[in-house]
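See below for the structure under consideration.
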There are 2 protein chains.
Amino acid sequence: MTKERNLYIKKLKFIFIIHMGRELYKFNQYLNESGLRATRQRGIIAKTFFEAGPHISVEELYHQVVEKDRRIGLVTVYRTLKLLRGAGLAQGRQFGDNHTRYEKTPGDSHHDHLICTRCGRILEFENDTIEGLQRKVAEEVGFAVLDHKLELYGICKECRSRGKKAGRKAPPTLS
Amino acid sequence: MTKERNLYIKKLKFIFIIHMGRELYKFNQYLNESGLRATRQRGIIAKTFFEAGPHISVEELYHQVVEKDRRIGLVTVYRTLKLLRGAGLAQGRQFGDNHTRYEKTPGDSHHDHLICTRCGRILEFENDTIEGLQRKVAEEVGFAVLDHKLELYGICKECRSRGKKAGRKAPPTLS
DNA sequence: GTGAATATGAAATTCATTTTCAATTAAATC
DNA sequence: GATTTAATTGAAAATGAATTTCATATTCAC
Ligand SMILES: [Mn+2]
Ligand SMILES: [Mn+2]
Ligand SMILES: [Zn+2]
Ligand SMILES: [Zn+2]
């Protein structure tokens, strides 16, 4: 049991350590290793983030955080998300709208996205054949691929069967 | 010879009509059909855009435009690019950096991009197999794809052979 | 040419995100 | 537990790309 973990127990009264997921623990570890401090705010924000659905926007996360602690500011949410990125625990993504969305770094494999431009729904998919072809294309021009982004924009199953009626969310604008 | 074309001749003294590409002519057509006006500014901005390299940023285009006519404002460049998009003649794209880049709508086929995060170079590629697989993936979840975006980020051939030396442009930040 | 409608550019505004800074807090050391 | 100091916080200000406003200028149908 590490020093950091003990500190957390002392501060947050045991219950917390029982429920602290691996990700939250890793975040704590990262903070310590980096000489950063494990603050109440960071704990709440990270915990909320890890328990939230995928592709949460900063604003959405902020709203959920504020429900737990009214005093936490939006700035600290931004700052903590940046730390989570630094820790390799979160990834920021920009879909069509003008809001960065965050998701937990997927355990092993990479995935891409299908975005419904009518209702905003985001589906994930994985396709190794595509990934392989991407690598091949890059190789052909001498490119060393470090990262990639594949997004399919269109109308989801639900929206299609619902016909032309308006969806639930604002549709993102494509440039 | 349409009315619009004649007007252009009258205004810009024949030379222009000779050199007016199909795209510029189409833009004129679009303006007319839409009840919009073919102004000096729009002409200069569109012509500059069509003659510029691919993936030009708004700021870059603005600089080139200002060299031809110092009085043209950045706002008008933004507005004209929006019109060109509306006419289907230009497409806006966001690569890693925080600047929208524009390119002429490609004649027929779709292409995707390889972006060097070290020097900013942007290469284009086309791969029908990937496109086909995308459609297949989408079908499987009942998604009707309207558009897609595939970007490969990495280090280009030139930057790789140049070793670890700094490149020419500012590297875009990945989220 | 005239006039109504559209376009322009400067300045103001928006909106996501970042920076600044005085006050607060974590945590190492006593 | 108290002391100390460097990191953190949140409010407010700043940033920067893109848009809107609005008074003036221009287009173009008549
Ligand atoms: Mn995802
Ligand atoms: Mn291109
Ligand atoms: Zn939908
Ligand atoms: Zn390069």
Side-chain angles (χ1 to χ4, degrees), chain A residues 2-12 28 30-46 57-63 65-66 69-83 85-86 92-102 170 172-173 175, chain B residues 2-12 27-28 30-46 57-62 65-66 69-83 85-86 92-102 170 172-173 175:
Chain A
T2 68
K3 197 169 63 173
E4 306 90 70
R5 196 152 187 173
N6 280 327
L7 279 170
Y8 241 90
I9 292 171
K10 231 173 14 184
K11 238 184 311 215
L12 290 153
N28 243 331
Y30 172 79
L31 292 175
N32 257 278
E33 286 165 5
S34 314
L36 303 171
R37 291 173 181 174
T39 64
R40 179 178 47 85
Q41 290 88 327
R42 286 174 180 170
I44 293 173
I45 293 166
S57 74
V58 182
E59 207 70 34
E60 283 163 8
L61 179 57
Y62 170 64
H63 287 316
V65 162
V66 159
D69 186 335
R70 189 164 352 92
R71 293 166 303 171
I72 295 178
L74 175 59
V75 218
T76 305
V77 174
Y78 271 105
R79 286 193 274 230
T80 304
L81 284 169
K82 188 176 280 187
L83 289 174
R85 254 170 28 205
R93 300 195 179 268
Q94 318 260 160
F95 300 122
D97 58 3
N98 193 36
H99 293 67
T100 304
R101 295 183 167 273
Y102 281 86
T173 30
S175 46
Chain B
T2 68
K3 196 169 60 170
E4 305 92 68
R5 197 153 186 172
N6 280 328
L7 278 170
Y8 239 89
I9 290 171
K10 233 182 359 192
K11 237 185 310 213
L12 290 152
F27 185 44
N28 242 333
Y30 172 79
L31 292 175
N32 256 278
E33 285 166 6
S34 314
L36 302 171
R37 290 170 182 177
T39 64
R40 179 178 47 84
Q41 291 87 329
R42 285 174 181 171
I44 292 173
I45 293 166
S57 74
V58 182
E59 207 70 33
E60 282 162 8
L61 179 57
Y62 170 63
V65 162
V66 159
D69 187 334
R70 190 163 351 90
R71 293 166 302 172
I72 295 179
L74 176 59
V75 219
T76 305
V77 174
Y78 272 106
R79 287 193 274 230
T80 304
L81 283 169
K82 187 176 279 187
L83 290 174
R85 254 168 30 203
R93 301 195 177 268
Q94 320 258 160
F95 301 122
D97 59 1
N98 193 37
H99 294 67
T100 303
R101 294 182 168 276
Y102 281 85
T173 31
S175 47

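Just so it is clear, the values below take in all heavy atoms, side chains as well, and ignore hydrogens, waters and symmetry mates.
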So if I take every side-chain heavy atom of [X] and compare against [options], which nucleotide ends up nearest?
{"X": "B:Arg37", "options": "D:dA17, C:dT8, D:dT27", "value": "D:dT27"}
{"X": "B:Thr39", "options": "C:dT18, D:dT8, C:dA7", "value": "C:dA7"}
{"X": "B:His99", "options": "C:dA16, D:dA12, D:dA17", "value": "D:dA17"}

For a quick test of reading the model: is some side-chain N or O of [X] closer than 4.0 Å to OP1 or OP2 of [N]?
{"X": "B:Gln94", "N": "D:dA17", "value": "no"}
{"X": "B:Lys82", "N": "D:dT19", "value": "yes"}
{"X": "A:Thr100", "N": "C:dT17", "value": "yes"}
{"X": "B:Gln41", "N": "C:dG9", "value": "yes"}

Length of the [atom1]-[atom2] vector between [X] and [N], whole Å:
{"X": "B:Arg101", "N": "D:dA17", "atom1": "CZ", "atom2": "C1'", "answer": "14 Å"}
{"X": "B:Ile45", "N": "C:dG9", "atom1": "CD1", "atom2": "C1'", "answer": "11 Å"}
{"X": "B:Glu59", "N": "D:dA18", "atom1": "CD", "atom2": "C1'", "answer": "11 Å"}
{"X": "A:Arg40", "N": "C:dA27", "atom1": "CZ", "atom2": "C1'", "answer": "16 Å"}
{"X": "A:Glu33", "N": "D:dA7", "atom1": "CD", "atom2": "C1'", "answer": "18 Å"}
{"X": "B:Leu83", "N": "C:dT6", "atom1": "CG", "atom2": "C1'", "answer": "12 Å"}
{"X": "A:Tyr78", "N": "D:dA14", "atom1": "OH", "atom2": "P", "answer": "19 Å"}
{"X": "B:Leu36", "N": "C:dT8", "atom1": "CG", "atom2": "P", "answer": "10 Å"}

Closest to the 5' end of DNA chain D, once B:Val75 and A:Gly73 are matched to their nearest nucleotides, is A:Gly73
By nearest-heavy-atom nucleotide on DNA chain D, the more 5' of B:Asn98 and A:Thr80 is A:Thr80
Evaluate the side-chain proximity of B:Thr100 to B:Tyr78: yes if any heavy-atom separation is below 4.5 Å, no if none is. no
Mapping A:Leu74 and A:Arg79 to their closest nucleotides on DNA chain C, which lands nearer the 5' end? A:Leu74
Is a donor-acceptor pair below 3.5 Å formed from side chain B:Arg42 to base C:dA7, judging by atom type as modelled? no
Donor-acceptor pair, B:Arg101 side chain versus B:Phe95 backbone, under 3.5 Å? no
Distance, nearest 0.5 Å, that separates OG1 of B:Thr80 from CZ of B:Phe27: 6.0 Å
Out of curiosity, A:Arg71 CZ to A:Gln41 CD, how far, rounded to the nearest 0.5 Å? 7.5 Å
Worked check of side-chain contact (heavy atoms from CB on, under 4.5 Å) between A:Leu74 and A:Glu59: CA-CA 8 Å; A:Leu74 175 59; A:Glu59 207 70 34; 4.2 Å; yes
